[in-house]
There are 2 protein chains.
Amino acid sequence: MAATYKDIRRMTGLSLATISKHFNGGNVTYANRVLIEHAARDLGYRVNDFARGLRSRRSMTLGVVLAELNSTFNTTIVSAMEERLREAGYGTIICDSRGSSQAEAESIRFLIGKMVDGIVIVPVGDDVEGLDAAAERGVPVVAIDRAIANAAVDAVVIDNRTAIASACELLAGAGHTKVALLAGPDSTFTMRERRLGFRQAVKRHTGKLPARTLTQPDNVSIEGGYDGFRRLMRLATPPTAIVCANYEFTLGAIIALNELGPDASAPAIVGFDNLDLARIIRPRPTFVVQPVAQIATRAAEMILQRVHGEATEGPQTVVLDTELVVGDASTYVLARSRS
Amino acid sequence: MAATYKDIRRMTGLSLATISKHFNGGNVTYANRVLIEHAARDLGYRVNDFARGLRSRRSMTLGVVLAELNSTFNTTIVSAMEERLREAGYGTIICDSRGSSQAEAESIRFLIGKMVDGIVIVPVGDDVEGLDAAAERGVPVVAIDRAIANAAVDAVVIDNRTAIASACELLAGAGHTKVALLAGPDSTFTMRERRLGFRQAVKRHTGKLPARTLTQPDNVSIEGGYDGFRRLMRLATPPTAIVCANYEFTLGAIIALNELGPDASAPAIVGFDNLDLARIIRPRPTFVVQPVAQIATRAAEMILQRVHGEATEGPQTVVLDTELVVGDASTYVLARSRS
DNA sequence: AGCCTGAGGCAAAACGTTTCGCCCTCAAGG
DNA sequence: CCTTGAGGGCGAAACGTTTTGCCTCAGGCT
């Protein structure tokens, strides 16, 4: 049904080798190029990736494995990255781990089966299974957002410590007397780093800034944010400000905050990650914003370099800075200190 | 480097045919099965999908083409669908059209090159280019969210007319004296249908319910919603309620609404699509909610049936009902009628 | 005892590319 | 006029599977 080189040979009288050369940028006379191009158009020819991949062991395809597909942070990055990769001539296969390390391992197997030339991954947890198979086959891997503990691969991450620390500084400067971090378990790199940033900032204000960390059992649920907010507010001395360590917790905390209604003693909240949210809520809250475009670009460049064999040194880690987008003063300045 | 059947043959003394049979569920003696399994494990054997696909012309892989990857509506559906497909033994390749028909056509070509056994698509516009190639190769296609005008394929859509109409009914019943629809251009199926639903509902109340449709030039921008809201409110007699025809317009309209501040004459807003948003905003707004889980399941089933050749009739269209999640009364009951 | 059947196995021919080694021709340099 | 080398082309051998047609052998049936 589908046309092949043989059909083109029949129409042009050229050999398979010549036809192949034409499609791969080799030396072919202009007349023959035209001939082949014409025949290909007539036949609706499309190269068979399977045959090509089988023979050449390259697929011109990169794989992307996402811890969670349903997350603006991830999809924004992937969308930008795919555009860049397509320009470079690579197709992209996106896989969803749905927060499961097992699905993640399956995705990696799937991609290796598809002979991808490289993999970009937003890992579910600290350890990623199945990367040894990638290493064996010489498939380069770049991690995004989180470094990988059990494999030495390139990574593009943000400066999580400074991100959280700068949020704390803002709050301390705005007169807050007790800040809290609403975080997930230490099992992921991101959470450990953010917690560390929080501790560092708090330490810098020792004696002046009582602090408290509330750790939710799971890492990314809206409920965790909602519930955490309420538990913090039930403390004997509730925090005057809450820093949320990820997007979902931010969402949950804001829901809980709204339920309090207009209340002078409502805590300030610093959110994470989602600018849309920041734009829609009045008064505008303060947000830690990740440089998604940069993350995408750097990750794309890194994987392309590895795939092209241009980068031969050991694994590199790129650390990017976040931005603290300060919202309306009323949302972060402590009421008592304003008077 | 990678092990092949030949390596297994060397270890077991069996023929390639027998080994192939074993991996494809054919009849092989128990002793030989064990032998092969053992050798495969020792060698770290993984089947080469390229060779298999080249020969068998099946890839056990389905393609998903999304108009917009960065959209909760789309990713929620895909995430659920992928899970279902994986259970059925199929891998999934997700592609992002980034709202561009050209990228969409490229994605389809890409997928056909990868020999996918079927394609699920959320089309960018009314017409989709490249589907003829799928038809030629006998690759079944299922459209989601929007029907496709220039190709006869299966589709899973929602009842857009009733969705919008029921929102209007609610508003009319709540005493509103003028309703408006904030919509995009008629170039997409969804918009045409939603507009039609609006007109139908309005007609049912002729004389009693003045109405107005504001059409934004683009289809999915937050700015369109923001700007549309403001233009509607500048009318000589502004609407008392605004129905937003998609998620982005909802977002924009709510931003504009918030900027008005607490104002008794603020219009009611009925949003579209995003439950998270509905949960986070107080008082809770009213939302038209699509049955994402159902959409995912039905689409998965349809494409699997086609791929398995179980469904031989002409293209089917499944129409699912939306749900009108009514928010706090204060957000949709007309102030004047409350007194 | 002969016949038939079905299970299990085998060799070899695809599948559609890329690539290797070889050949021809033509032009430029000696 | 001969040599050299490069441009352009060719046939054929891979690549790792699946599949087809054929063979054998054991057991149950007449």
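As the structure is a computational prediction, the values presented were derived from the model and not from experiment.
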In whole angstroms, how far is the [atom2] atom of [N] from the [atom1] atom of [X]?
{"X": "Arg33(B)", "N": "dG8(C)", "atom1": "CZ", "atom2": "C1'", "value": "11 Å"}
{"X": "Asp49(A)", "N": "dT18(C)", "atom1": "CG", "atom2": "C1'", "value": "14 Å"}
{"X": "His22(A)", "N": "dT18(C)", "atom1": "NE2", "atom2": "C1'", "value": "16 Å"}

Only counting residues at least two apart or in another chain, list the ones meeting salt bridge (Lys or Arg N to Asp or Glu O under 4.0 Å) with [X].
{"X": "Asp154(A)", "value": "Arg306(A)"}
{"X": "Asp49(A)", "value": "Lys114(B)"}
{"X": "Glu106(A)", "value": "Arg86(B)"}

When you check every protein heavy atom under 4.0 Å of nucleotides 10-25 of chain D, what one-letter string (B, S, -) results, 5' to 3'? BB-BBBBBBB------

Sequence-distant partners of Ala103(B), side chain to side chain contact (heavy atoms under 4.5 Å, CB included), two or more places apart: Arg98(B), Ser100(B)

So ring pair (Phe, Tyr, Trp, His ring centres under 6.0 Å) across residues 48-87 of chain A, not counting sequence neighbours, yields Phe50(A)-Phe50(B)

